[in-house]
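Positions are given from 1 along the sequence.
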Amino acid sequence: MEQATTPIKVSVLRVLYKGLEPIRDRLDCILEDYYKKNITLSQAELTAALEFRSAASTVELLLLDYFEQVEGNDIDTLYLPTKEFHLLLDLSKTAELAYRAPLANSGLWTH
């Protein structure tokens, strides 16, 4: 039987948040350039960029909520519902895929 909660260190969540920032920022730049018509994206590339950004936004919202929960308290470990923990992992992996996806004839790492 699967555990009801999964322990995770707040410090690990902070590292995850810090690693998410450049992904979010670069995706925002690509989308801004697309909407300003500075670059062209195929429908598939646009859909992928929007999905990556959606995943990054959801992870960011979850993490900010967790940080708010521990703010001002001496808590170093959160016990997340296991399904929520798996969602966080899946969305984080989706956002991280943005680095390897070909977008705008190059990729996120060059934008």
Side-chain angles (χ1 to χ4, degrees):
M1 186 173 161
E2 192 173 317
Q3 289 180 315
T5 62
T6 300
I8 187 162
K9 296 277 186 191
V10 174
S11 60
V12 171
L13 295 175
R14 293 196 191 284
V15 168
L16 180 61
Y17 183 79
K18 186 143 181 76
L20 185 66
E21 287 178 304
I23 294 171
R24 183 199 60 215
D25 293 346
R26 288 179 180 216
L27 284 166
D28 284 348
C29 286
I30 282 181
L31 290 170
E32 183 179 332
D33 284 349
Y34 170 77
Y35 287 115
K36 287 182 175 180
K37 300 194 184 308
N38 294 333
I39 61 170
T40 58
L41 295 174
S42 69
Q43 187 63 44
E45 289 174 321
L46 176 60
T47 301
L50 290 170
E51 184 165 341
F52 296 145
R53 186 58 179 100
S54 175
S57 292
T58 304
V59 171
E60 181 178 30
L61 289 171
L62 286 169
L63 292 174
L64 291 174
D65 182 54
Y66 301 150
F67 298 152
E68 190 176 297
Q69 290 177 35
V70 300
E71 188 176 319
N73 298 312
D74 192 24
I75 298 172
D76 70 341
T77 304
L78 281 177
Y79 293 85
L80 301 179
T82 299
K83 286 186 177 190
E84 189 171 320
F85 175 74
H86 286 251
L87 175 66
L88 182 66
L89 286 180
D90 289 343
L91 290 169
S92 297
K93 288 176 191 175
T94 298
E96 193 274 332
L97 281 173
Y99 274 123
R100 294 190 299 276
L103 295 170
N105 295 322
S106 57
L108 193 63
W109 60 92
T110 61
H111 195 78

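L97 and V59 fall into different hydrophobic clusters, where Ile, Leu, Val, Met, Phe, Trp and Tyr residues are linked whenever their side-chain heavy atoms come under 4.5 Å apart, directly or through other members. Put simply, L20 and V70 are part of the same group of oily side chains (I, L, V, M, F, W, Y) that touch within less than 4.5 Å, one to the next. A continuous path of hydrophobic side-chain contacts links I75 to L16 [ILVMFWY only; heavy atoms under 4.5 Å].
Taking CG from L91 and CG from L62, the interatomic distance works out to 7.0 Å, rounded to the nearest 0.5 Å. Remark: I30 CD1 to L41 CG distance equals 7.0 Å, nearest 0.5 Å. Once rounded to the nearest 0.5 Å, the distance linking CZ of R24 with CD of E60 reads 4.5 Å. Note that CG of L46 is 4.5 Å distant from CG of L50, once rounded to the nearest 0.5 Å. We find the OG-CG distance between S54 and L27 to be 11.0 Å, quoted to the nearest 0.5 Å. Separation of atoms CG (L63) and CG (L88) is listed at 5.5 Å; rounding is to 0.5 Å.
Looking at E84, its side chain never comes within 3.5 Å of a backbone N or O of P81 through a donor-acceptor pair.
Screening residues 63-77 for salt bridge (Lys or Arg N to Asp or Glu O under 4.0 Å), with sequence neighbours left out, gives K9-D76. The list of ring-ring contact (aromatic ring centres under 6.0 Å, His included) pairs with a residue in residues 58-82, not counting sequence neighbours, reads Y17-F67. Sorted by first and then second residue, the ring-ring contact (aromatic ring centres under 6.0 Å, His included) pairs involving residues 34-54 (not counting sequence neighbours) form an empty list.
Contact record, G19 with P22: O-CD, 3.4 Å, taken as the closest heavy-atom pair.
Atom CD of E51 has 12 or fewer neighbouring heavy atoms from other residues, nucleotides or ligands inside a 6.0 Å radius.
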